[in-house]
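What follows is a single structure, written as structure tokens, with notes after it.
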Amino acid sequence: MSLNSTLEIDIVKAATSKISSVDFDNLSFGNIFTDHMFICDFKEGAWQKPIIKPYEPFLIDPSAKVFHYGQAIFEGMKAYKDENDAVWLFRPEENFLRFNKSAVRMAMPEVPESVFIDGLKAILELEKEWVRKGLGNTLYIRPFMIAIGSGVIAQPSTQYRFMIILSPARAYYSGEVKVIIAEHYSRAANGGIGAAKAAGNYSAQFYPTKLANEKGYQQIIWTDDATHTKLEEAGTMNVFFRINDTLYTAPTSERILDGVTRKSLIELAGHLGMKVEVRSVLVDEIVAAAKDGSLKEIFGAGTAAVVSPIVAFCHQEHEYQLPKLDDSFALQLKDKLTKIQYKLAEDTFGWTVKI
Ligand SMILES: Cc1ncc(COP(=O)(O)O)c(C=O)c1O
């Protein structure tokens with residue numbers, strides 16, 4: 001599949017590129033941005049002509065709704081370069097659809113497909129030097145939308161800015177991840193915004209995550225807000241559990257983000273002959289499985305790390321260790337998915353899209 005652009009965009013190129021000053025072997029995640037940014041504003045009920053211009057700060061009125069009411073959504077995706085220098089995206093349509101789902105939930109205007117997808121293509125074409133060859137090198141893509149209309153009255157803005165910024169990244173490795181199961185705090189509730197990629201979901205996690213960090217745990221496994229008995233997400237990732245040789249992950253709901261990695265791993269696992277069950281996973285059954293030795297793996301799944309194995313979890317002040325395995329499902333799935341993304345393995349699913 002490849003993308004055909006029909007979108008008219010004004011392009012103002014940067015006079016010089018900062019690419020030669022970037023140390024691509026020592027990148028910390030999300031701190032360096034490429035030479036250009038894509039901007040498309042919404043005002044008077046319509047999307048305006050987009051522009052790609054040099055990456056730089058911009059002015060917004062201090063009373064803009066994004067500052068006061070957090071009307072802001074985003075996406076996270078990656079571009080990959082294959083052996084022949086072609087640049088690829090992974091299931092971009094999924095990110096586009098999820099972006100607009102988030103927009104609807106946050107009373108923001110939906111972004112036209114041409115603006116999101118063709119905008120992405122246009123800026124990636126301009127910045128393709130920033131996508132480095134080699135497994136583990138990626139260009140992280142951050143599409144986002146903020147409410148820029150002024151006035152502190154608590155109602156939806158009438159003006160919005162959709163942007164795409166790009167940040168070169170190495171494969172994300174978070175070290176040995178230990179998690180704590182949430183017993184009090186929640187990231188989402190029924191009827192809330194948990195299924196949207198809304199900025200407020202992330203800031204709301206910072207404080208409980210800080211408390212978990214102080215206890216020596218890197219992330220929280222979020223449970224359902226009403227009973228804290230169902231295991232739902234791990235930090236900012238979906239979560240999988242392996243008991244004996246079956247993988248379990250919670251069904252998506254109003255409280256869970258419908259992750260692109262999660263849905264891809266479910267398909268891939270089936271393809272690799274692993275048994276997968278999508279159903280509620282209970283805290284009690286995971287604790288019991290840890291005690292009787294049938295709990296083999298827990299791992300997070302998301303765009304940044306692809307798969308993030310968890311080495312231990314804490315529940316009610318008790319820490320349970322996960323075994324080290326030779327036949328880790330997490331690592332087999334990560335290897336297979338990464339190879340598809342970098343075009344090192346055949347993409348029989350039709351997930352990869354050439355720029
Ligand atoms: C809360 C949350 N859950 C799950 C995911 C995983 O989604 P994806 O696989 O689409 O990156 C993310 C984002 O990366 C997230 O922010």
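In what follows, every heavy atom counts, from backbone to side chain, and hydrogens, waters and symmetry copies are set aside. Both counts, for ligands and for their atoms, begin at 1 and track the order of listing.
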of all protein heavy atoms, closest to atom 12 (C) of ligand 1 is Thr236 O, 3.1 Å
among protein heavy atoms, the one nearest atom 9 (O) of ligand 1 is Thr261 OG1, 2.6 Å
Ligand 1 versus Ala301, non-hydrogen atoms closer than 4.0 Å: side chain, backbone, both, neither? backbone
Is the number of heavy atoms from other residues, nucleotides or ligands under 6.0 Å of Glu317 CD greater than 12? no
Between Asp224 and Lys230, is there a donor-acceptor pair closer than 3.5 Å when you use the side chain of the first and the backbone of the second? yes
Looking only at protein heavy atoms, which one is nearest to atom 11 (O) of ligand 1, and what is the separation? Thr303 OG1, 2.6 Å
For Lys53, is the NZ atom crowded, meaning more than 12 foreign heavy atoms sit under 6.0 Å from it? no
Return yes if a side-chain donor-acceptor contact under 3.5 Å exists between Thr34 and Glu127, otherwise no. yes
Would you mind listing which atoms of ligand 1 come within a distance below 4.0 Å of any non-hydrogen atom of Gly259? 7 (O), 8 (P), 9 (O), 10 (O)
Check for a donor-acceptor pair, side chain of Asn201 on one end and backbone N or O of Ala188 on the other, with a separation under 3.5 Å. no
Nearest-neighbour protein heavy atom for atom 4 (C) of ligand 1, which is reported as residue plus atom name and distance: Glu233 OE1, 3.3 Å
Measure the shortest side-chain to side-chain distance between Thr261 and Asn238 over non-hydrogen atoms and say whether it is less than 4.5 angstrom. no
Which residue supplies the protein heavy atom nearest to atom 16 (O) of ligand 1, what is that atom called, and how far is it? Tyr202 OH, 2.4 Å
Does an N or O from Val260, backbone or side chain, lie closer than 3.5 Å to an N or O of ligand 1? yes
Per ring-ring contact (aromatic ring centres under 6.0 Å, His included), Phe240 is matched among Phe329, Phe299, Tyr248 by Phe299
With Phe74 as partner, the option from Phe144, Tyr202, Phe99 fulfilling ring-ring contact (aromatic ring centres under 6.0 Å, His included) is Tyr202
For Gly302, the ligand 1 atoms whose distance to one of its heavy atoms is below 4.0 Å: 6 (C), 9 (O), 11 (O)
Would Arg98 count as a contact residue for ligand 1, given that I'm defining contact as a non-hydrogen atom of the residue lying under 4.0 Å from a ligand atom? yes
Atom 13 (C) of ligand 1: of Lys197, Arg187, Met237, the nearest heavy atom sits on Lys197
